[in-house]
Enquirer: 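My structure is below; once you've seen it, I'll send some questions.
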Amino acid sequence: MSTSTDLQLEMNGAVAVVTLTRPTKRNALSDGLILALRNVFETLPAEARAAVICGQGDHFCAGLDLSELQERDAGQGVMHSRMWHAALDLVQHGPVPVVAALHGAVVGGGLELASACHIRVADESAFYALPEGSRGIFVGGGGSVRIPKLIGVARMTDMMLTGRVYNAADGEHIGLAQYLVPVGTAFDKALALAQRVADNAPLTNYALMHALPRIAEQPADQGFFTESLMAAVAQSAPEAKERVRAFLEGKAAKVQKG
Ligand code: 1HE
């Protein structure tokens, strides 16, 4: 299954594997590539239960395609940024949880894309930066909303003011990735995690993508109430009852020590 010359979609069982296929330009995100990304998440095959995003070549993604950065007036600049928002919102709030497999450069808009995913797996070659600060521009793909939620406002401010680059180990330590794996194994780990995610009840995955982030933003009193509603909806699904029954009958896996 193919979508555009710079973006490829392939199904691996219930996992949609979305690959940035523009390695000669370090998977820089042109307007066409952003629109293709949006399209692929809007039209995922019905059998998809989880997705992996990865990049071909030595780098995950070099961010905005700087060769397309033209003179835009303020209104056009807003529209361009909103186009990114629409695409990355579909990654975060689309039909299925998304696991990013990161290696090499995860910079600028590439980090914005990674931060829209639900799980980030980085190999030891990964490095993170926000070169917007030194290019005289600002994040425009949702980075100022999503990245502080991962690492805090102070660290993002430092990255943009000073050009600080985090290596893979430090990136995992501060929360840019949840998993750190040996060089060359990020995709395999991401796929294994996505297959595990794909086995969950769809309503549980939906709750984690759509309810949890909203609850976390609510005042505690409202959050507790929303949580009760979501819990009641999830546990009333026939699939939840079947899964609990299977455990009680000794037919489902126990939690194993990590
Ligand atoms: C590009 C881009 C790009 C590479 N736009 N063409 N992002 C940046 O500021 C990062 C800019 N890129 C880099 O710092 C480096 O390219 C990398 C560290 C990612 C990789 O280095 P390297 O040595 O492997 O590759 P390279 O030789 O620098 O680049 C290979 C080619 O890709 C070269 O083109 P060529 O025709 O000379 O072969 C580069 O010009 C091209 N290339 N990165 C266009 N980004 C919604 S707002 C988001 C705002 C941002 O993302 S700003 C941050 C932009």
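All of these numbers come straight from a predicted model, not from anything done at the bench. Indexing begins at 1, ligand by ligand and atom by atom, following the structure's order.
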Enquirer: Thr21 versus Thr5: any side-chain heavy-atom pair under 4.5 Å?
Expert: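 Not in contact.
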Enquirer: Can you find a protein heavy atom closer to atom 33 (C) of ligand 1 than 4.0 Å?
Expert: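 For atom 33 (C) of ligand 1 the answer is no, since every protein heavy atom stays at 4.0 Å or beyond.
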Enquirer: Looking at atom 3 (C) of ligand 1, would you say a protein heavy atom lies below 4.0 Å from it?
Expert: yes
Enquirer: Verify whether one side chain among Gln195 and Arg49 offers a donor that lies under 3.5 Å from an acceptor in the other.
Expert: no
Enquirer: Closest non-hydrogen protein atom to atom 18 (C) of ligand 1, residue and atom name please, with distance?
Expert: Phe127 CZ, 4.2 Å
Enquirer: Under a 4.5 Å side-chain heavy-atom rule over Ile, Leu, Val, Met, Phe, Trp and Tyr, are Leu102 and Leu88 clustered together?
Expert: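 Linked, Leu102 and Leu88 end up in one cluster.
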Enquirer: Would Asn200 and Thr204 count as having a side-chain donor-acceptor pair, cut-off 3.5 Å?
Expert: no
Enquirer: Hey, does Leu66 come in under 3.5 Å of ligand 1, counting only N/O atoms on both sides?
Expert: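 Yes - when backbone and side-chain N and O of Leu66 are compared with those of ligand 1, one distance drops under 3.5 Å.
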Enquirer: Where the side chain of Asp123 meets the backbone of Ala186, is there a donor-acceptor pair that is under 3.5 Å apart?
Expert: no
Enquirer: Can you confirm whether more than 12 heavy atoms, excluding those of Arg82, are under 6.0 Å from its CZ atom?
Expert: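 No, not enclosed.
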Enquirer: Under 4.0 Å from a heavy atom of Gly63: which atoms of ligand 1 are those, numbered in the order shown and with their elements?
Expert: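 Taking each heavy atom of Gly63 in turn, ligand 1 has 51 (O) under 4.0 Å.
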Enquirer: Please state which protein non-hydrogen atom is closest to atom 47 (S) of ligand 1 and give its distance, to 0.1 Å?
Expert: Gly140 N, 3.5 Å
Enquirer: Under 3.5 Å between some N or O of ligand 1 and some N or O of Arg135?
Expert: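 Yes; the residue has a nitrogen or oxygen that sits under 3.5 Å from a nitrogen or oxygen of the ligand.
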Enquirer: Show me which atoms of ligand 1 lie under 4.0 Å from any heavy atom of Pro131.
Expert: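 In order of numbering, the contacting atoms are 8 (C), 9 (O), 53 (C).
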Enquirer: Taking atom 37 (O) of ligand 1 as the reference point, report whether a protein heavy atom occurs under 4.0 Å from it.
Expert: no
Enquirer: Can you confirm whether some protein heavy atom lies under 4.0 Å from atom 13 (C) of ligand 1, or whether none does?
Expert: no
Enquirer: Identify, by atom number and element, the atoms of ligand 1 in contact range of Trp84, meaning under 4.0 Å from any of its heavy atoms.
Expert: 46 (C)
Enquirer: Measure the distance from atom 21 (O) of ligand 1 to every protein heavy atom, then report the residue, atom name and distance (to 0.1 Å) of the closest one.
Expert: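 Looking only at protein heavy atoms, the one closest to atom 21 (O) of ligand 1 is His59 NE2, 4.2 Å.
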Enquirer: Is there a chain of hydrophobic side chains (I, L, V, M, F, W, Y, each step under 4.5 Å between heavy atoms) that links Val153 to Leu130?
Expert: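 No, Val153 and Leu130 fall in different hydrophobic clusters.
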Enquirer: Are there protein heavy-atom neighbours of atom 43 (N) of ligand 1 below 4.0 Å?
Expert: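 At least one protein heavy atom is under 4.0 Å away.
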Enquirer: Quick one: does ligand 1 sit under 4.0 Å from the side chain of Thr24, the backbone, both or neither, non-hydrogen atoms only?
Expert: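 Answer for Thr24: backbone.
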Enquirer: What atoms of ligand 1 come within less than 4.0 Å of a heavy atom belonging to Ala62?
Expert: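 Those qualifying, in numeric order: 7 (N), 8 (C), 10 (C), 19 (C), 43 (N), 45 (N), 54 (C).
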Enquirer: Taking distance alone, with N or O pairs closer than 3.5 Å, would you say Gly109 contacts ligand 1?
Expert: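 Yes; at least one N/O pair falls below 3.5 Å.
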Enquirer: Taking N or O atoms only and a 3.5 Å limit, does Lys25 qualify as a polar contact for ligand 1?
Expert: yes
Enquirer: Give the atom numbers and elements of ligand 1 that come within less than 4.0 Å of a heavy atom of Ala105.
Expert: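 Counting from 1, the qualifying ligand atoms are 19 (C).
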Enquirer: Got a protein heavy atom sitting under 4.0 Å from atom 28 (O) of ligand 1?
Expert: no
Enquirer: Tell me whether the rings of His210 and His93 are parallel (<30°), tilted (30 to 60°) or perpendicular (>60°).
Expert: tilted
Enquirer: Find the distance between NE2 (His85) and CD (Glu112) and round it off to the nearest 0.5 Å.
Expert: 7.0 Å
Enquirer: Look only at the side chain of Thr43 and the backbone of Asn39, and say whether a donor-acceptor pair between them is shorter than 3.5 Å.
Expert: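 Checked: pair present.
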Enquirer: Using heavy atoms and a 4.0 Å limit, tell me yes or no: is Ile137 in contact with ligand 1?
Expert: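 Checking ligand 1 against Ile137, which is what was asked, there is a heavy-atom contact under 4.0 Å.
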Enquirer: Right, does atom 23 (O) of ligand 1 have protein non-hydrogen atoms nearer than 4.0 Å?
Expert: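 There is no protein heavy atom less than 4.0 Å from atom 23 (O) of ligand 1.
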Enquirer: Would you check, one step at a time, whether the test side chain to side chain contact (heavy atoms under 4.5 Å, CB included) holds for Tyr166 with Met159?
Expert: CA-CA 9 Å; Tyr166 281 98; Met159 287 175 83; 3.7 Å; yes
Enquirer: May I ask whether atom 54 (C) of ligand 1 is less than 4.0 Å from at least one protein heavy atom?
Expert: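 So far as the 4.0 Å threshold goes, atom 54 (C) of ligand 1 is in reach of a protein heavy atom.
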Enquirer: Say whether, by atom type as modelled, one donor and one acceptor occur between the side chain of Arg214 and the main chain of Ala211 under 3.5 angstrom.
Expert: no
Enquirer: Looking only at side-chain N and O atoms, does Asp31 offer a donor or acceptor that is under 3.5 Å from a partner on His80?
Expert: yes
Enquirer: Which protein non-hydrogen atom lies closest to atom 50 (C) of ligand 1, naming both residue and atom, and how far is it?
Expert: Glu132 OE2, 3.2 Å
Enquirer: With atoms numbered from 1 as shown, which atoms in ligand 1 lie under 4.0 angstrom from a non-hydrogen atom of Glu112?
Expert: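 Counting from 1, the qualifying ligand atoms are 46 (C), 47 (S), 48 (C).
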Enquirer: For atom 16 (O) of ligand 1, what is the closest protein heavy atom, and at what distance to 0.1 Å?
Expert: Arg26 CG, 4.1 Å
Enquirer: Could you tell me if the side chain of Leu176 sits less than 4.5 Å from the side chain of Leu111, heavy atoms only?
Expert: yes
Enquirer: Do Thr19 and Glu10 have side-chain atoms, one donor and one acceptor, less than 3.5 Å apart?
Expert: no
Enquirer: Where on Ala28 is there a heavy atom closer than 4.0 Å to ligand 1, on the side chain, on the backbone, on both, or on neither?
Expert: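 It is the side chain that touches ligand 1; the backbone stays farther off.
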Enquirer: N/O of Leu64 under 3.5 Å from N/O of ligand 1, yes or no?
Expert: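 Yes.
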Enquirer: With heavy-atom distances below 4.5 Å as the criterion, would you say the side chains of Ser125 and Asp58 are in contact?
Expert: no
